[in-house]
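Not measured: the values here are computed from a predicted model. Just the heavy atoms: all of them, side chains too, but no hydrogens, waters or symmetry mates, feed the values below.
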Amino acid sequence: QVQLVESGGGLVQTGGSLRLSCVASGSNLDSYAIAWFRQAPGKDREGVSTIGSSGGRTFYSSAVKGRFTISRNDAEHAVYLQMNSLQPEDTAVYFCAAVPLSEWLTPRLSPFVYEYWGQGTQVTVSS
């Protein structure tokens with residue numbers, strides 16, 4: 001079983017950048033696919049990006065493709081989400097989630113695929 005803790009959220013102006021971190025404990029991170037989701041008030045949880053094994057496949061939602069970059073460093077037990085050109089519509093609580101690589105099914109940005117979740121970090125983009 002893996003435990004996940006997110007950090008790096010905050011308040012940023014439109015056009016700014018943030019880097020979110022998801023640190024794992026309790027199990028080897030290299031056995032898991034990791035995803036980032038977000039949830040704005042009154043909206044469903046939305047898949048943002050996901051990454052398989054280190055150096056492996058990555059997927060992005062159309063809303064963030066070209067602006068966000070997911071990466072992982074298994075030696076540091078961490079996955080990162082670099083967010084650039086932030087817009088007010090990116091405001092949400094961001095969660096990381098994990099699933100064993102053997103169970104990393106499609107659709108890869110569906111929250112139902114992932115078994116383990118962090119508590120989330122707030123990202124607020126002011127206009």
Sorted by chain and number, sequence neighbours left out, side-chain hydrogen bond (donor to acceptor under 3.5 Å, both in side chains) with Gln3 holds for none
Show which side-chain atoms of residues 73-90 pair as donor or acceptor with protein atoms under 3.5 Å away, not counting sequence neighbours.
from: Asn73; atom 1: OD1; to: Ala75; atom 2: N; distance (Å): 3.1
from: Asn73; atom 1: OD1; to: Glu76; atom 2: N; distance (Å): 3.1
from: Asp74; atom 1: OD1; to: Arg72; atom 2: NE; distance (Å): 2.9
from: Asp74; atom 1: OD1; to: Arg72; atom 2: NH2; distance (Å): 3.1
from: Glu76; atom 1: OE1; to: Tyr80; atom 2: OH; distance (Å): 2.6
from: Gln82; atom 1: NE2; to: Asn84; atom 2: OD1; distance (Å): 2.9
from: Asn84; atom 1: OD1; to: Ser17; atom 2: OG; distance (Å): 2.9
from: Gln87; atom 1: NE2; to: Ser85; atom 2: O; distance (Å): 3.2
from: Asp90; atom 1: OD1; to: Arg38; atom 2: NH1; distance (Å): 2.8
from: Asp90; atom 1: OD1; to: Arg67; atom 2: NH2; distance (Å): 2.9
from: Asp90; atom 1: OD2; to: Arg67; atom 2: NH1; distance (Å): 2.8
from: Asp90; atom 1: OD2; to: Arg67; atom 2: NH2; distance (Å): 3.4
from: Asp90; atom 1: OD2; to: Gln87; atom 2: N; distance (Å): 2.8

CG (Leu20) and CZ (Phe68) are apart, to the nearest 0.5 Å, by 8.0 Å
- Message: Hydrophobic clustering (ILVMFWY, side-chain heavy atoms < 4.5 Å, transitive) - are Val48 and Val99 grouped together?
- Response: no
Compile the donor-acceptor pairs under 3.5 Å between side chains in residues 104-116 and protein atoms, sequence neighbours left out, one pair per line.
from: Trp104; atom 1: NE1; to: Thr50; atom 2: OG1; distance (Å): 3.3
from: Trp104; atom 1: NE1; to: Tyr114; atom 2: OH; distance (Å): 3.1
from: Arg108; atom 1: NH1; to: Trp104; atom 2: O; distance (Å): 2.5
from: Ser110; atom 1: OG; to: Phe112; atom 2: N; distance (Å): 3.2
from: Tyr114; atom 1: OH; to: Thr50; atom 2: OG1; distance (Å): 2.9
from: Tyr114; atom 1: OH; to: Arg108; atom 2: O; distance (Å): 2.6

So the salt bridge (charged side-chain N to carboxylate O under 4.0 Å, His left out) pairs with at least one residue in residues 9-19 (sequence neighbours excluded) are none
Quick one: side chains of residues 24-34, donor-acceptor pairs under 3.5 Å with protein atoms, not counting sequence neighbours, listed by atom name and distance.
from: Ser27; atom 1: OG; to: Tyr32; atom 2: OH; distance (Å): 3.4

In short, Gly118 meets Phe95 closest at the heavy-atom pair O-CD2, 3.6 Å
Is there a donor-acceptor contact under 3.5 Å from the side chain of Thr121 to the main chain of Tyr94? no
Exercise. Please answer: with hydrophobic residues joined when any side-chain heavy atoms are less than 4.5 Å apart, are Phe37 and Val2 in the same cluster?
Key: no
For residues 5-15, which side-chain donor-acceptor pairs fall under 3.5 Å, sequence neighbours excluded?
from: Glu6; atom 1: OE1; to: Gln119; atom 2: N; distance (Å): 3.0
from: Glu6; atom 1: OE1; to: Gly120; atom 2: N; distance (Å): 2.9
from: Glu6; atom 1: OE2; to: Cys96; atom 2: N; distance (Å): 2.9
from: Glu6; atom 1: OE2; to: Gly120; atom 2: N; distance (Å): 3.2
from: Thr14; atom 1: OG1; to: Ser126; atom 2: O; distance (Å): 2.8

The reported gap from CZ in Phe59 to CD1 in Ile70 (rounded to nearest 0.5 angstrom) is 11.0 Å
When every non-hydrogen atom of Trp36 is compared with those of Cys22, the smallest separation belongs to CZ2-CB, 3.6 Å
With sequence neighbours left out, the residues meeting side-chain hydrogen bond (donor to acceptor under 3.5 Å, both in side chains) with Thr124 are Gln122
